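Here's the structure, in structure tokens; my notes come after.
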Amino acid sequence: MTELLKINLPDGSVREMEPGSTPADVAAAIGPGLAKAAIAARVDGELRDINRPFESDSELALVTARDEDDALELARHDFAHVLAEAVQALWPGTQITFGPSTDDGFYYDVKAPADRDPFSMDDLPAIEEKMREIIKADKPLRREVWSRQQLIDKWEAEGEAFKAEWARELPENEELTVYWSGEDWLDMCRGPHLASTGKLDPQAFKLMRVAGAYWRGDQKNAQLTRIYGTGWLNKKQLNAHLTRLEEAAKRDHRKLGREMDLFHLQEEAHGSVFWHPNGYRIWRQLEAYMRRKMDKAGYREIKTPQVMDARQWEQSGHWGKYRENMFVIPDEVPNTEEDGPVISGEADWMALKPMNCPAHVLVFKQGITSYRDLPIRLGEMGCCHRNEPHGALHGLMRVRQFTQDDAHIFCTEGQVVEEVQAFLALADTVYRDFGFSYDIKLALRPEQRFGSDADWDKAEQELRDALTANGLEWEELPGEGAFYAPKLEWHLTDAIGRTWQVGTIQSDRVLPDRLDATYVGEDGEKHRPVMLHRAIFGSYERFIGILIEHFAGRLPVWLAPTQAVVATIVSDADDYAKEAVGKLEAAGIRVDSDLRNEKINYKVREHSLAKVPHLLVVGKREAEEGTVAVRTLGEKDQRVMSLEEAIDMLRTEATPPDLR
RNA sequence: GCUGCUGUAGCUCAGUGGUAGAGCGCACCCUUGGUAAGGGUGAGGCCGGGAGUUCAAUCCUCCCCAGCAGCACCA
């Protein structure tokens with residue numbers, strides 16, 4: 001007589017089940033509706049196959065499509081397996097490796113057989129077709145426990161070198177499982193999975209692209225082809241996602257930058273930005289804003305050299321740790337008598353600064369500093385050059401020349417927490433002014449680091465203390481800190497839910513030491529200051545790129561390159577339009593006139609596409625009455641008001657948020 | 001840096017082994033029109049750079065450069 005298993009359900013009831021029964025059996029016992037709806041189970045909190053037998057008395061929660069996070073996770077993981085199966089069905093000899101779910105879908109890393117080229121976009125329709133076949137065949141997905149040797153033998157027999165390698169290295173104490181798809185295909189997988197491929201909606205996925213990816217994420221390893229798909233529970237969700245992607249593409253700052261004539265990039269200076277008048281107007285507004293914020297927060301602005309001798313970079317540690325990202329130049333006047341510039345090879349080396357911090361320490365070191373002077377907050381709109389890997393460059397988001405709203409706070413040990421707290425508050429006001437919400441992450445000590453564990457303990461705890469004191473929540477990222485310091489990172493969420501890393505603060509005890517920065521303490525002795533590296537925008541380039549995408553080009557009036565255009569309907573209104581422009585300019589508004597011989601429809605369209613916030617239309621009527629017809633971007637209606645009212649309105653809207 | 005794809009007019013893109021086309025934009029002319037494209041005419045291109053194959057290369061091959069997507073890195 002075997003003992004029955006006690007299965008506790010979320011409503012508090014208990015079902016007694018035969019040994020070997022499964023969550024599916026429980027669902028069936030409860031009712032046919034649930035039996036049909038249940039796609040997986042949470043057993044003692046762990047997501048599991050619906051057909052995996054209970055091992056003991058358990059807490060059970062049945063998972064249905066209404067548990068969207070779990071359902072999506074399962075579906076995407078299954079889509080990945082179906083993808084791998086489809087690729088192998090189409091091209092026998094393809095090696096398979098890994099296929100996880102992602103935020104919006106799934107991917108599978110595969111290696112094409114030796115007798116064909118790597119997979120390309122052109123192969124995707126055929127793969128999709130085969131995937132639909134597999135889904136429609138409704139192949140049962142069955143879990144089986146295998147021994148390590150069984151797995152290794154199978155993978156080696158089939159020439160699956162990557163899988164075999166992985167099977168060898170799976171953790172000792174883990175139960176090793178495979179999942180059968182029908183009777184003819186299987187993959188090594190921890191699971192869980194849906195009961196059969198037919199549980200997937202064949203219209204709810206789409207293969208998106210192929211890309212290279214390294215085996216186990218390491219550049220030294222073989223490069224595989226990663227096939228990306230997006231996967232959902234139904235076609236409606238898929239379409240909604242595809243619409244979101246189109247929306248994101250419309251917001252692409254590279255596209256809008258061209259359309260709005262903000263900046264350009266060209267190959268002769270790839271990775272560095274040519275700012276056009278419109279784009280630099282945005283920059284200047286941001287810079288003026290940030291100067292006011294920093295001035296009020298007790299920072300003093302400095303300007304330091306672009307190029308410094310290599311000896312300086314050796315001392316700061318950059319020469320050793322950062323040289324491959326630095327632009328290095330010979331300190332020699334080249335001999336140009338030959339065809340080209342000739343360098344003797346005996347020159348001393350100089351380097352463009354990739355960071356501002358060493359120069360700031362040098363400023364700090366001038367003269368003798370008393371503890372009474374601390375904290376000293378040195379700010380710089382610091383232009384830095386980093387020779388980034390070519391593949392990393394991306395519009396304004398990742399460039400080789402960029403300007404940081406940088407500052408370094410030199411303070412005593414005892415001042416660190418309060419300085420971090422003040423910075424937390426300052427950063428908060430800035431991000432709010434732009435309408436961003438954010439998450440804070442605390443990046444903890446990396447494997448390779450300078451400094452003692454005691455210092456790291458202290459530095460990490462100081463950041464936590466400041467966060468706690470300000471009532472903020474954060475997420476910790478082990479191993480992600482800089483080699484000299486733990487750091488807080490601000491991750492902004494934009495209007496369509498994407499996140500961007502911008503601001504940071506890092507507490508550093510290494511650089512003051514390397515560059516021998518000291519202050520005289522109350523005791524008359526020399527002490528090391530702590531140095532806080534911090535930025536809020538991060539870089540102007542990236543921040544402007546984020547703003548463009550966040551606002552889809554429709555920048556708030558205070559940032560808009562052109563805040564208003566006065567457009568005439570008939571040339572009889574030209575003189576009045578010029579008068580209006582003069583008054584608007586006198587009121588500090590960035591305004592253009594459009595007196596061209598074009599219809600008003602045409603002008604409205606053009607300035608709307610250029611994302612000008614307000615169009616002031618003037619015809620005969622307005623000229624006679626001293627009014628303007630204001631058409632605001634995004635609205636269909638016009639509002640007629642006196643020129644003075646319009647100026648007041650624009651002046652109000654054009655006031656930067658910190659001056660309101 | 002790695003893998004794949006791409007590079008044709010200012011922009012978006014067609015196209016062909018016999019030195020090129022569209023739409024938008026631009027210039028000029030007509031039109032003075034009330035809230036998202038009025039009409040006409042015209043000027044723009046060393047078809048990313050270099051080498052090779054060929055009677056002939058924008059097109060095929062190789063190398064380089066840049067862009068895009070991802071990876072790996074990062075503000």
Side-chain angles (χ1 to χ4, degrees), chain A residues 102 107 109 111-112 117-123 208-228 252 254-255 258-259 261 264-271 322 324-325 354-356 382 384 386-400 402-406 480 482 487 489-490 500-504 533 535-543 545-546 567-574 595-610 615-622 629-638 640:
Chain A
T102 63
Y107 66 80
D109 288 349
K111 186 159 177 56
D117 293 332
F119 301 109
S120 73
M121 292 290 284
D122 298 336
D123 297 315
M208 303 300 282
R209 65 180 87 91
V210 296
Y214 302 109
W215 167 237
R216 307 176 84 164
D218 190 330
Q219 280 199 58
K220 293 195 284 293
N221 290 339
Q223 185 134 18
L224 311 166
T225 306
R226 177 168 296 179
I227 302 175
Y228 278 94
D252 190 313
R254 293 165 298 184
K255 178 172 136 65
R258 198 165 38 238
E259 288 173 3
D261 195 17
H264 86 270
L265 299 158
Q266 66 182 59
E267 59 178 275
E268 288 77 4
H270 71 108
Y322 208 74
E324 60 192 35
N325 281 305
M355 300 181 191
N356 304 302
C384 297
R386 294 183 191 171
N387 197 351
E388 299 285 355
H390 289 192
L393 300 176
H394 177 88
L396 296 178
M397 302 304 195
R398 193 75 180 275
V399 291
R400 304 209 298 181
F402 57 95
T403 302
Q404 297 178 312
D405 61 321
D406 203 5
E480 302 268 313
K487 58 182 178 181
E489 302 171 350
W490 275 254
W500 305 95
Q501 212 240 102
V502 285
T504 183
H533 306 242
I536 300 178
F537 291 156
S539 85
Y540 282 88
E541 285 81 358
R542 179 180 287 184
F543 199 72
I546 294 168
T568 52
I569 294 171
V570 292
S571 49
D572 286 349
D574 284 2
L595 311 181
R596 291 176 302 171
N597 176 14
E598 295 292 349
K599 294 201 171 188
I600 194 62
N601 282 327
Y602 183 91
K603 295 185 183 181
V604 167
R605 178 182 154 81
E606 191 167 285
H607 299 300
S608 298
L609 289 173
L615 192 58
L616 310 187
V617 178
V618 297
K620 272 187 195 150
R621 214 156 52 221
E622 288 76 13
V630 180
R631 182 181 163 123
T632 296
L633 185 61
E635 291 174 18
K636 284 265 190 291
D637 297 332
Q638 48 183 315
V640 178

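We name chains A, B, ... by the order of the sequence lines, and we start the count at 1 in each one. All of these numbers come straight from a predicted model, not from anything done at the bench. Side chains included, hydrogens not; waters and symmetry mates left out as well; all remaining heavy atoms used.
Summarising the geometry, the separation between CG on A:Asp252 and P on B:C11 is reported as 16 Å, rounded to the nearest angstrom. A:Tyr322 places its OH atom 7 Å from the C1' atom of B:C74, with the value rounded to the nearest Å. Rounded to an integer number of Å, the gap from CD of A:Gln266 to C1' of B:C11 is 16 Å. Rounded to whole angstrom, the span from the OH atom of A:Tyr602 across to the C1' atom of B:U35 amounts to 15 Å. Counting to the nearest Å, the P atom of B:A75 and the NE2 atom of A:His533 are 12 Å from each other. When rounded to the nearest whole Å, the span between OH of A:Tyr228 and P of B:A69 equals 13 Å. Distance CD (A:Glu259) to C1' (B:C24): 12 Å, rounded to an integer number of Å. Atom CZ in A:Arg596 sits about 16 Å away from atom C1' in B:C28, given to the nearest Å.
Distance from the side chain of A:Arg386 is smallest for B:C74 among the nucleotides B:G67, B:C74, B:C73. Distances from the side chain of A:Arg209 to the nucleotides B:A69, B:U12, B:C65 place B:A69 closest. Comparing B:G34, B:A36, B:C73 by their closest approach to the side chain of A:Val604 singles out B:A36. Among the nucleotides B:A69, B:G70, B:C74, the one closest to any side-chain atom of A:His394 is B:A69. Taking every side-chain heavy atom of A:Val570 into account, B:U32 is the closest of B:U32, B:A75, B:U35. Comparing B:C74, B:U12, B:G34 by their nearest atom to the side chain of A:Glu388 picks out B:C74. Proximity note for A:Ser571 (side chain, C-beta onward) versus B:A36, B:A66, B:U32: the nearest is B:U32.
The nearest heavy atom of RNA chain B to A:Gly538 and to A:Ile600 marks one nucleotide each, and the one closer to the 5' end goes with A:Ile600. Mapping A:Gln501 and A:Val640 onto RNA chain B by nearest heavy atom places A:Val640 closer to the 5' end of the strand.
B:U8 and B:G23 have their C1' atoms separated by 15 Å, given to the nearest Å. Comparing B:U3 with B:A22, their P atoms sit 40 Å apart, to the nearest whole Å. Here the separation of B:C46 from B:U58, taken at their P atoms, is 13 Å to the nearest Å. Between B:G18 and B:G25, the distance separating the two C1' atoms is 32 Å to the nearest Å. On the P atoms, B:U32 is 41 Å away from B:A20, given to the nearest whole Å. The gap from the C1' atom of B:U12 to that of B:G67 amounts to 16 Å, rounded to the nearest Å. Taking atom P on both B:A57 and B:G17, the two are 15 Å apart, rounded to the nearest angstrom. The C1' atoms of B:A72 and B:A14 are separated by 37 Å, rounded to the nearest whole Å.
When the side-chain nitrogen and oxygen atoms of A:Asn601 are compared with OP1 and OP2 of B:A36, one or more of them lie within a distance under 4.0 Å. A:His270 has no side-chain polar atom (N or O) that falls below the 4.0 Å cut-off from OP1 or OP2 of B:C65. Note on A:Arg254: a side-chain N or O is less than 4.0 Å away from OP1 or OP2 of B:A69. Between A:Lys487 and B:A75, a side-chain N or O to OP1/OP2 separation shorter than 4.0 Å is present. In terms of phosphate contacts, A:Arg226 brings no side-chain nitrogen or oxygen within less than 4.0 Å of OP1 or OP2 of B:A69. Under 4.0 angstrom from either OP1 or OP2 of B:G10 there lies no side-chain N or O belonging to A:Arg258.
A:Glu489 comes within 4.0 angstrom of nothing in the nucleic acid, heavy atoms only. Within the nucleic acid shown, A:Lys620 comes within 4.0 Å of at least one base atom, counting heavy atoms only. If you check every strand for non-hydrogen atoms under 4.0 Å, A:Leu265 touches nothing. A:Ala629 comes within contact range of at least one nucleobase, with a heavy-atom separation under 4.0 Å. Contact annotation for A:Ala535: no contact, since no heavy-atom pair falls under 4.0 Å across all strands. When heavy atoms are screened at a 4.0 angstrom cut-off, A:Val617 is found touching base atoms of the nucleic acid.
Of the options A:His394, A:Glu388, A:Glu541, a side chain to side chain contact (heavy atoms under 4.5 Å, CB included) to A:Val399 is made by A:Glu541 and by none of the others.
Judged by distance alone, with hydrogens and angles left aside, A:Arg605 brings a side-chain donor or acceptor within reach of the base of B:A37, the pair sitting under 3.5 Å. Evaluation of atom-type donor-acceptor distances gives no pair under 3.5 Å for the side chain of A:Glu267 against the base of B:G7.
Look at B:G44: it lacks any Watson-Crick or wobble partner with both distances under 3.5 angstrom. Of the nucleotides present, none pairs with B:A20 by Watson-Crick or G-U wobble criteria with both distances under 3.5 Å. When both pairing distances are held under 3.5 Å, B:U6 makes a Watson-Crick or G-U pair with B:A66. The partner of B:A57 cannot be assigned: no Watson-Crick or G-U wobble pair with both contacts below 3.5 Å exists in any strand. Pair check for B:C73 finds none; no Watson-Crick or G-U wobble contact set falls under 3.5 Å. In this structure B:A37 sits in no base pair that meets the Watson-Crick or G-U test at under 3.5 Å.
The main-chain N or O of A:Gly391 is never found under 3.5 Å from a side-chain atom of A:Arg398 such that the two would form a donor-acceptor pair. No donor-acceptor pair closer than 3.5 Å links the side chain of A:Lys603 to the backbone N or O of A:Val617. Looking at A:Asp406, its side chain never comes within 3.5 Å of a backbone N or O of A:Gly382 through a donor-acceptor pair. A:Thr568 places no side-chain N or O within donor-acceptor distance of the main-chain N or O of A:Ser571, the cut-off being under 3.5 Å. At least one donor-acceptor pair under 3.5 Å links the side chain of A:Glu622 to the backbone N or O of A:Gly619. The main-chain N or O of A:Leu615 is never found under 3.5 Å from a side-chain atom of A:Arg631 such that the two would form a donor-acceptor pair.
In this structure B:G44 sits in the syn conformation; its chi angle is within 90° of 0.
Here the CD1 atom belonging to A:Ile546 is positioned 5.5 Å from the CE atom belonging to A:Met397, to the nearest 0.5 angstrom. Annotation: the span from A:His533 atom NE2 to A:Gln404 atom CD amounts to 11.0 Å, rounded to 0.5 Å.
Between A:Tyr228 and A:Tyr107, the ring planes lie tilted relative to each other; the angle falls in the 30° to 60° range.
A:Phe402 qualifies as a stacking partner of the B:A75 base, centre to centre under 5.5 Å and near-parallel within 30°.
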